[in-house]
Number of protein chains: 2
Amino acid sequence: MAAQRGNGGGRPTIRNVAALAGVSVATVSRVFAGSAGVSAELTRRVHAAADELGYRPHVVAQSLASGRSNIVGMLVPNLANPHFYTLIKQVLHDAGRDGYQVLVADSDESPAAERDLGLSLLERADGLVLCAPRSAPGVLRELVGRGRPVLVMDRKLDDPVVSTVVMDAHGAMRELVQHLVDLGHEHVTYLHGPARSWQEQERWRALRGYRRRGLRVSEVPAGATVEAGHRVAGQVLETGCTAVVAHNDLSAIGLMAALDERGLRIPDDMSVTGYDDIPFGRFMSPSLTTVHTSQEEAASAAWQAMRGLLEGGRPGARTVVASEPVFRRSTAGPRSAESG
Amino acid sequence: MAAQRGNGGGRPTIRNVAALAGVSVATVSRVFAGSAGVSAELTRRVHAAADELGYRPHVVAQSLASGRSNIVGMLVPNLANPHFYTLIKQVLHDAGRDGYQVLVADSDESPAAERDLGLSLLERADGLVLCAPRSAPGVLRELVGRGRPVLVMDRKLDDPVVSTVVMDAHGAMRELVQHLVDLGHEHVTYLHGPARSWQEQERWRALRGYRRRGLRVSEVPAGATVEAGHRVAGQVLETGCTAVVAHNDLSAIGLMAALDERGLRIPDDMSVTGYDDIPFGRFMSPSLTTVHTSQEEAASAAWQAMRGLLEGGRPGARTVVASEPVFRRSTAGPRSAESG
DNA sequence: TTGTAAGCGTTATCAT
DNA sequence: ATGATAACGCTTACAA
């Protein structure tokens with residue numbers, strides 16, 4: 001017969017409210033759903049009864065009955081990257097305004113974990129915000145196949161059933177490199193990020209394009225973390241370049257620290273650029289030249305798109321958020337140019 | 001009659017599996033719950049049927065029937081603080097191992113939001129991890145009163161119904177200050193953090209204690225962010241101190257950047273200490289003297305405690321994680337000591 | 001406008 | 001060891 005008491009020991013239910021107010025449970029449900037078509041008198045009585053009992057709708061029961069949980073999932077490759085927690089923070093805020101809670105998961109850059117966590121999130125969530133997914137398109141399609149809206153950030157996709165919000169990496173990156181060229185650099189090294197990252201591919205593509213214009217471009221595989229940048233300082237110096245373009249701010253910061261430890265001066269001995277404009281970059285010494293994207297704007301666009309999808313809107317929208325380089329003190333002309 | 005299809009359009013239910021396997025739904029439920037007492041033969045048939053149909057238990061229905069959601073809430077005052085997202089990241093990991101998902105919320109340092117978000121989280125979650133709560137004890141008790149386990153981090157409490165995990169701020173802070181005293185500093189300034197933060201009170205109390213030993217201690221209200229530290233550089237200089245003890249790494253970094261902009265050298269013109277040992281501190285220039293606590297250890301302890309509570313364990317446990325100062329390059333003897 | 005009642009997909013009690 | 005079935009607390013056709 002009766003299952004255990006799942007609630008907090010005698011928490012009032014919709015039936016108690018209905019009884020006290022002298023109405024049916026349907027009416028109480030309608031009042032709390034805010035649906036029109038309930039008389040002012042009954043609405044008042046329901047509220048009075050609910051207040052008296054301290055009634056709050058049971059969200060899990062609501063979810064089961066309605067098929068909506070008012071939860072969205074958010075999956076990022078690395079919560080320790082300021083780019084992602086900034087996104088999360090903003091989405092948390094916007095979603096909260098609309099009555100949604102956010103289940104967060106971190107794949108730690110693992111495509112396999114990405115798939116599992118994504119599926120697991122979709123068991124509960126009404127929709128999924130997938131940040132910079134590293135998974136193959138087939139896996140993404142599998143996630144979408146669960147029948148719930150999926151919004152992809154930081155990765156361009158052709159799939160018409162997912163909406164995407166991306167930052168325009170290409171243009172800003174080219175401006176950044178042009179800046180280095182204008183300063184007189186003739187040999188730059190690129191610190192590669194995670195291979196499966198779409199952003200990485202975009203950034204590298206933009207830089208690589210400069211080879212055709214006579215810029216010498218060396219490559220050093222690194223990663224997307226401070227540690228990765230710190231680790232590869234030796235390899236960078238071996239290239240003999242005068243400037244480094246890092247995949248992101250984190251690896252740029254790590255590299256700068258390592259160069260500093262070796263007694264090199266930035267930007268005098270080496271110019272360094274990052275990407276993302278994380279808050280710390282502005283306060284580094286020297287402050288970091290980087291590329292800024294309004295993450296608030298991106299996150300708001302993402303939530304707006306997600307909300308549209310949750311309300312039944314058609315997927316496939318593509319939002320592109322503009323990016324622009326921010327020139328600070330970590331870049332200058334190469335020493336040879338000064339003394340030459 | 002039938003409500004709408006809440007599921008993804010014809011998703012198999014436990015009944016379909018039972019029918020195909022030729023058993024009752026109760027047996028299917030038992031098999032998936034891993035409960036002993038189902039014959040090997042039926043277990044096999046259930047799994048075969050489930051695989052054939054691609055059946056996965058409906059987590060929301062499970063939640064309603066069992067009263068457990070396998071979700072925990074985690075509420076932090078500021079997701080942009082590395083201290084907190086490190087905690088979240090680790091809890092995400094540990095909780096995930098145990099099959100729990102994590103609902104994250106950010107109160108933005110607002111006690112009112114803390115209460116609302118906490119209550120809202122507890123509607124769904126089996127338990128709540130409350131990080132560095134700024135709310136009054138009464139509010140915390142209200143949250144606990146919802147009948148679900150609450151674990152408080154970064155704040156000491158007397159309440160026997162909540163378990164706590166705190167870092168030992170007092171001892172490490174005193175070592176840090178002693179270090180400054182040993183270096184010859186006679187006048188230090190404290191950059192205050194958020195007034196309602198327990199950690200802030202602990203840190204300040206430890207430093208203030210040095211007044212009795214003849215140390216001159218000035219105070220500047222700041223906050224817990226990079227911007228806060230950056231903003232108050234002028235006030236700091238007006239005190240005439242030779243060293244600054246900041247509430248945390250973030251405000252220390254902000255202050256250092258501001259001092260740098262004014263042409264001051266650290267540590268030559270001013271020693272600066274932080275607190276938390278966030279990853280960036282090691283890679284700053286100069287690297288930041290701070291206090292390290294194993295956040296992995298703290299987070300693991302927190303999850304372990306939470307899991308115990310979720311399994312019905314008695315609350316009230318107090319875990320204290322050790323902290324120790326990390327001396328790096330942002331501290332040195334005062335200039336007057338050198339030239340004097 | 002309001003009420004009735006059939007689900008939603010499980011779990012867990014009770015009987016066998 | 002297995003099955004039948006009443007909850008869990010709500011939403012939403014459908015009837016009135």
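Here is how names work: the chains are called A, B, and so on, in the same order as the sequence lines, proteins then strands, and each is numbered from 1.
Atom CZ in B:Arg45 sits roughly 13 Å away from atom C1' in D:dA1 (whole-Å rounding). Separating the CZ atom of A:Arg11 from the P atom of D:dG9 is a distance of 9 Å, rounded to the nearest angstrom. Between the CG atom of B:Leu64 and the P atom of D:dA7 there is a distance of 14 Å, rounded to whole Å. Atoms CZ (B:Arg15) and C1' (D:dA4) sit 11 Å apart, rounded to a whole Å. Distance, B:His58 NE2 to C:dC8 P: 11 Å, rounded to whole Å. In this structure, CZ of B:Phe32 is placed 15 Å from P of C:dG9, rounded to the nearest angstrom. Between the P atom of C:dG3 and the CG atom of A:Leu42 lies a distance of 6 Å, rounded to the nearest Å. We find that CZ of B:Arg44 is positioned 18 Å from P of D:dA1, with the value rounded to whole Å.
At D:dT2, none of the side-chain N or O atoms of B:Thr27 fall inside 4.0 Å of OP1 or OP2 (strictly under the cut-off). Between D:dT11 and A:Ser66, no contact under 4.0 Å exists linking OP1 or OP2 to a side-chain N or O. Between B:Ser29 and C:dT10, a side-chain N or O to OP1/OP2 separation shorter than 4.0 Å is absent. OP1 or OP2 of D:dT2 lies within a sub-4.0 Å distance of a side-chain N or O belonging to B:Ser39. Regarding contacts with the backbone of D:dG9, every side-chain N or O of A:Thr13 stays at 4.0 angstrom or more from both OP1 and OP2. Distances shown here put a side-chain N or O of B:Arg68 below 4.0 Å from the OP1 or OP2 atom of C:dA12.
Among the protein residues, A:Val38 comes within range of the sugar-phosphate backbone only, with heavy atoms under 4.0 Å from sugar or phosphate atoms but none that close to a base. When heavy atoms are screened at a 4.0 angstrom cut-off, A:Tyr55 is found touching the sugar-phosphate backbone but no base atom. In this structure, A:Val23 reaches the sugar-phosphate backbone alone: every heavy-atom distance under 4.0 Å involves primed, P, OP1 or OP2 atoms, never a base.
With a 6.0 Å radius and a threshold of 12 heavy atoms from other residues, nucleotides or ligands, A:Arg318 has its CZ atom above the threshold. Annotation: B:Asp51, atom CG; neighbour count of heavy atoms from other residues, nucleotides and ligands within 6.0 Å is above 12.
Counting all heavy atoms, side chain and backbone alike, B:Tyr55 lies closest to B:Pro12 at CD1-O, 3.4 Å. Heavy atoms only, all atoms of each residue included: B:Ala299 and B:Leu87 are closest at CB-O, 4.0 Å.
Between A:Ala61 and B:Val25, the residue whose closest nucleotide on DNA chain C is further toward the 5' end is A:Ala61.
With hydrogens and angles left out, the side-chain atoms of A:Asn78 and A:His83 include no donor and acceptor closer than 3.5 Å.
At a cut-off of 3.5 angstrom, the base of C:dG3 holds at least one donor-acceptor pair with the side chain of A:Arg30.
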